[in-house]
Amino acid sequence: MGSETIKTGRLANGEAQKSVHKERRGLSSNGMNGKHENLGSNRAGPSSSGEGYDLMMNTGDVDGNLDGDIEPVFVCKKARQGDLTFLDIHDNGDFFDEDEEDDSDWEPVQKHVELIKWFCINCTMVNLGDGVVCDLCGEHKDSGILRLGYFASPSSQDAGCSEVESEMKGKNKEMHSQLSASNSSTAIGFDERMLLHSEVQMKSHPHPERSDRLRAIAASLATAGLFPGRCYPISAREITREELQMVHSLEHIQDVELTSHIFSSYFTPDTYANEHSACAARLAAGLCADLASTIFSGRVKNGFAMVRPPGHHAGVREAMGFCLHNNAAVAALAAQAAGAKKVLIVDWDVHHGNGTQEIFDQNKSVLYISLHRHEGGKFYPGTGSANELDTIYVTVCKSNAHAFALFPGEILTLDMKWRKISSFLLVSEITINGALLSPYQGHLLHEALNEVGRNGAEGSCVNIPWSRGGVGDNDYIFAFQNLVLPIATEFAPDFTIISAGFDAARGDPLGCCDVTPAGYSRMTDMLYTLTGGKLLVILEGGYNLRSISSSATSVIKVLLGEGPGSELGNIAPSRAGLQTVLEVMKIQMNFWPSLGSSYAKLQSQWGAYCNTSEKFLLAIFQFIRFLMVQIYNALLSTL
C-alpha cells in the first residue's frame, strides 16, 4: 500500500495533526499522487527533536477519498534504517512503551460486517449469504419465472430466457388469431387490478399470498400459448352488494368496503388489506359469478378463474386465512340463478374451506367435498374433521385476532360470561384456570359443529382429513376413486366447481404435501365428465410459483380437451391414506348408500395392510434375533 512521509516534530496536543489534516485536504489529486513516482518512499528530513518521528500517511485510497480524514501513523527513525524484526521489538520493548500515555484514547477500528439476506422469488423463503440459488427450492435469485412461468430454468438467471420467449411468441400469435368465443372454448377470468391487492406493511418475511402468484400463472399460460391464444377472455366486473348478501352478512361486506379508505389494515394477523383490496375482492367474486353463469348457459364450455384474493376461508361474517369474499360460494349461487338445481364443490386446497362449509352446511342443493390436511385439528384452520368438530375455537371477526383451542382430554376450568346470538355465543369475558385472558367483546365462540351438514342437509359436507403431511398423488386419486366420485355420482350435480388451491403441490412451503401437476390434471379429468364438461376451476391457495403455475397450466390443458397422460393403473394408497378413506366411508355411508359395497372391500384391504405390517415386524424381529445369535457365537469363538 502506498504511503507518503511529511516532515514534522513530535505532535503535541493535536494541533500538528490538525494542521496536517488541513494541508491534506487542500492537496489536489495531482499534487498528492503526481505520477506515482514517490508513493511508498520515505522522504526523511531533519526533525526538531532528538528522537524525531515522521508522520506516515496512508495514500492507498487517495483518488476516492481526498476529502476523508487520514489517520497519522508514527514511525521511529530507527525503523527507516532497516526493517524491524519481532526480535528487535522484543529487545527494545521499553522504547516502544514511552508513548503509552498518548494511546489512552485509542479505539479499535470498527468494521461493519453486513449479513447478506435475500428472499426467494419462487417460495419467499429467506436465504443467507452470497449464494444465488434458494436453499429450500433451488430457484435462482434472478430466475425468469415471472416472464416465462415454469418454463424458465430454475437454476439460471433471467438473461437465458430470450430464446424460449421468442420461440413461443410466434405460436401465441398464430393461436390468438384463431380465437373465437364458441361453445367449445375455455374461458379465463383475469383482471390486472387484482394485482394491486398487497400487504403494505413491511415485515420480516414477504407475505406468501402475493401478486406474483397470478403473474407466474399468466406467464406460464402465455409461454405455452394458452392465454392469450386458445382460451377465451371474459370481461371483468365488480360483484354487486346484493349478490354478496346472498353469501355474506351486511356487516362483513361493509367491513371489507371500509378498507378502501384505509392505507393498510388487517382482519386477522395474516389477512391483510390495502386501499385496493376491496375492489380486487369484488372483481374476483364478479369474475367467478359471470364465469359460472356463462358456462352453465352454454356460451363457453368451461372456465378457469385466475383470481385473488382467494375465498374459501371467508365465512358468512368474517374474513380470514387471506380470504375476503367467498368466490366459490358466489359462483355456486350464480350457477343456481342461471338454472342449475344441484352444484358440486370439490375443494382440494391443502387447508379446509371452513368458510364454504359454513355457508352451505344447511343447503342440501350444494354438496361440498374437501380433501385437506387436518392432523386432528392441529393444521390450519383446525376445522374439517370427518364427523363432529372435536375442538372449541374462539375467533375474532375484526383486527387483532386471537384464537385458542380446548382439545379433548385437557383438564381446564373454563368460565365465560356470554349472551347468545343466533347459533353463536357472544363472549364478553373468558377465564381459564382462574386467569382472565382478556375482555373478549365482539368475539365469537362457535358452538361445536356437526361437520357433515345439519338441519336436514346431513351428508352435504364430506370432509377427507389427512392425518399427516407429505400426501401425494396416490392418496388423492385413491380418495377420488372411492369417495369423491361415488358420492358425486349419487348426488348427480348439474354444475361442478373446483376450489383449486395448489398448496398441496410438491414444493409448497405452507402445505408440505406432494401432489404433482400430473395428479392435478388427473383429478380434473375425473371430475370433467360428471356434469357434461360444465366445470369451473377457481384459484384458491398455492405459494410456490413454479408449483402453482405448472399445476394450473396442467389443469387448463385438461379443460381444453387434452388428456391427462397415461392411463391409471392400480393405485396403491399409503396406510394412513387408506385409513382416512375408511374412516370417512364409515361416516358418509349413512348418507350415501352407494359406499356400502366398496367399504367392505376396502376393509379387507386394510386387514391385508395390517397383516402385512405384522408379518414385516415379525420378520425384522427374527432377523435381529438371528444377528444377535451370530454375534454371540462369534464372541464365544474368540474366547
Side-chain angles (χ1 to χ4, degrees), residues 119 124 190-215 236-289 305-330 351 354-355 358-359 380-381 394-403 424 426-427 438-444 510 539-541 543:
F119 297 98
T124 74
F190 173 70
D191 191 285
E192 288 187 349
R193 286 174 287 176
M194 292 183 290
L195 301 176
L196 299 176
H197 167 64
S198 62
E199 185 176 38
V200 175
Q201 184 176 340
M202 296 299 294
K203 295 189 175 180
S204 60
H205 190 280
H207 200 289
E209 205 297 285
R210 59 210 190 276
S211 56
D212 283 350
R213 298 171 62 240
L214 294 193
R215 290 189 180 100
R237 73 169 178 92
E238 298 180 30
I239 197 80
T240 65
R241 175 174 288 194
E242 290 72 25
E243 290 172 292
L244 283 176
Q245 283 188 269
M246 301 290 290
V247 172
H248 298 292
S249 68
L250 178 60
E251 181 184 7
H252 168 75
I253 297 168
Q254 291 172 339
D255 286 344
V256 175
E257 291 303 313
L258 182 62
T259 64
S260 62
H261 305 290
I262 305 173
F263 182 66
S264 175
S265 56
Y266 286 84
F267 291 94
T268 68
D270 64 359
T271 307
Y272 63 81
N274 66 4
E275 56 192 332
H276 305 288
S277 299
C279 177
R282 290 194 302 269
L283 286 167
L287 279 166
C288 291
M306 193 162 59
V307 296
R308 63 183 293 270
H312 72 150
H313 292 307
V316 175
R317 300 168 180 83
E318 58 189 344
M320 62 179 289
F322 315 162
C323 303
L324 303 187
H325 294 322
N326 197 303
N327 302 318
V330 168
H351 304 97
N354 57 302
E358 179 197 0
I359 291 166
Y380 185 88
V394 175
T395 58
V396 185
C397 285
K398 298 184 186 292
S399 61
N400 300 320
H402 176 72
F424 298 93
L426 182 61
V427 182
S438 69
Y440 263 64
Q441 284 88 359
H443 293 47
L444 294 175
L510 270 62
L539 182 66
E540 297 285 359
Y543 310 102

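Computed over heavy atoms, backbone and side chain alike; hydrogens, waters and symmetry mates excluded.
Contact between Ala236 and Asp191 at its shortest, heavy atoms only, is CB-OD2, 3.4 Å. Closest of all the heavy-atom pairs between Ser260 and Ala278 is CB-CB, 4.3 Å. Across Ile239 and Ala289, no two heavy atoms sit closer than the pair CD1-CB, 3.9 Å. Taking each heavy atom of His351 and Tyr380 in turn, the nearest pair found is CD2-O, 3.3 Å.
Sorted by first and then second residue, the salt bridge (charged side-chain N to carboxylate O under 4.0 Å, His left out) pairs with a member in residues 277-286 read Glu238-Arg282, Glu257-Arg282; sequence neighbours excluded.
Within the model, atoms CD of Glu199 and OG of Ser265 stand 11.0 Å from one another, a figure rounded to the nearest 0.5 Å. For the atom pair CZ (Arg193) and CG (Leu283), the distance works out to 4.5 Å, reported to the nearest 0.5 Å. Here CG of Leu244 is found 5.0 Å from CD1 of Ile253. Values are rounded to the nearest 0.5 Å.
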Tyr272 and Gln201: CA distance, side-chain angles, deciding distance, side chain to side chain contact (heavy atoms under 4.5 Å, CB included) verdict: CA-CA 9 Å; Tyr272 63 81; Gln201 184 176 340; over 6 Å; no

Side chain to side chain contact (heavy atoms under 4.5 Å, CB included) evaluation trace for Asn327 with His312: CA-CA 7 Å; Asn327 302 318; His312 72 150; over 6 Å; no

Trace of the ring-ring contact (aromatic ring centres under 6.0 Å, His included) decision for His252 with His325: CA-CA 9 Å; His252 168 75; His325 294 322; 5.5 Å; yes

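Within the 4.5 Å cutoff, side-chain heavy atoms of Cys288 are placed close to those of Val307. You'll find the side chain of Leu324 reaches within 4.5 Å of the side chain of Thr271, heavy atoms only. At least one side-chain heavy atom of Asn354 sits under 4.5 Å from a side-chain heavy atom of Met320. Counting only heavy atoms from C-beta outward, the side chains of Asp270 and Phe322 approach each other to under 4.5 Å. Between Leu214 and Leu195 the shortest side-chain heavy-atom distance falls below 4.5 Å. In this structure the side chain of Glu275 reaches within 4.5 angstrom of the side chain of Phe263, judged on heavy atoms. Between Glu540 and His313, every side-chain heavy-atom pair lies at or beyond the 4.5 Å cut-off. Under the 4.5 Å side-chain criterion, counting only non-hydrogen atoms from C-beta, Phe267 is in contact with Thr259.
No donor-acceptor pair closer than 3.5 Å links the side chain of Tyr543 to the backbone N or O of Arg210.
Not counting sequence neighbours, the partners of Leu258 by the side-chain contact (heavy atoms from CB on, under 4.5 Å) test are Ile262. Applying the salt bridge (charged side-chain N to carboxylate O under 4.0 Å, His left out) criterion to Arg241, with sequence neighbours excluded, gives no partner residue. Listed by chain and residue number, Val247, Asn326, Ile359, Phe360 satisfy the side-chain contact (heavy atoms from CB on, under 4.5 Å) test with Ala329 (two or more places apart in sequence, or in another chain). Here His205 pairs with Phe119 under the ring pair (Phe, Tyr, Trp, His ring centres under 6.0 Å) rule; sequence neighbours left out. Not counting sequence neighbours, the partners of Glu243 by the side-chain hydrogen bond (donor to acceptor under 3.5 Å, both in side chains) test are Arg237, Thr240. The side-chain hydrogen bond (donor to acceptor under 3.5 Å, both in side chains) search around Ser277 returns His197, Asn274, not counting sequence neighbours. Every side-chain hydrogen bond (donor to acceptor under 3.5 Å, both in side chains) that Arg215 has, sequence neighbours left out, goes to Ser211, Asp212. Shown here are the side-chain hydrogen bond (donor to acceptor under 3.5 Å, both in side chains) partners of His248, two or more places apart in sequence or in another chain: there are none.
Annotation for Gln245: atom CD counts as buried by contact number, over 12 foreign heavy atoms lying within 6.0 Å.
Remark: Arg317 does not engage Glu251 in a salt bridge, criterion side-chain N to carboxylate O under 4.0 Å.
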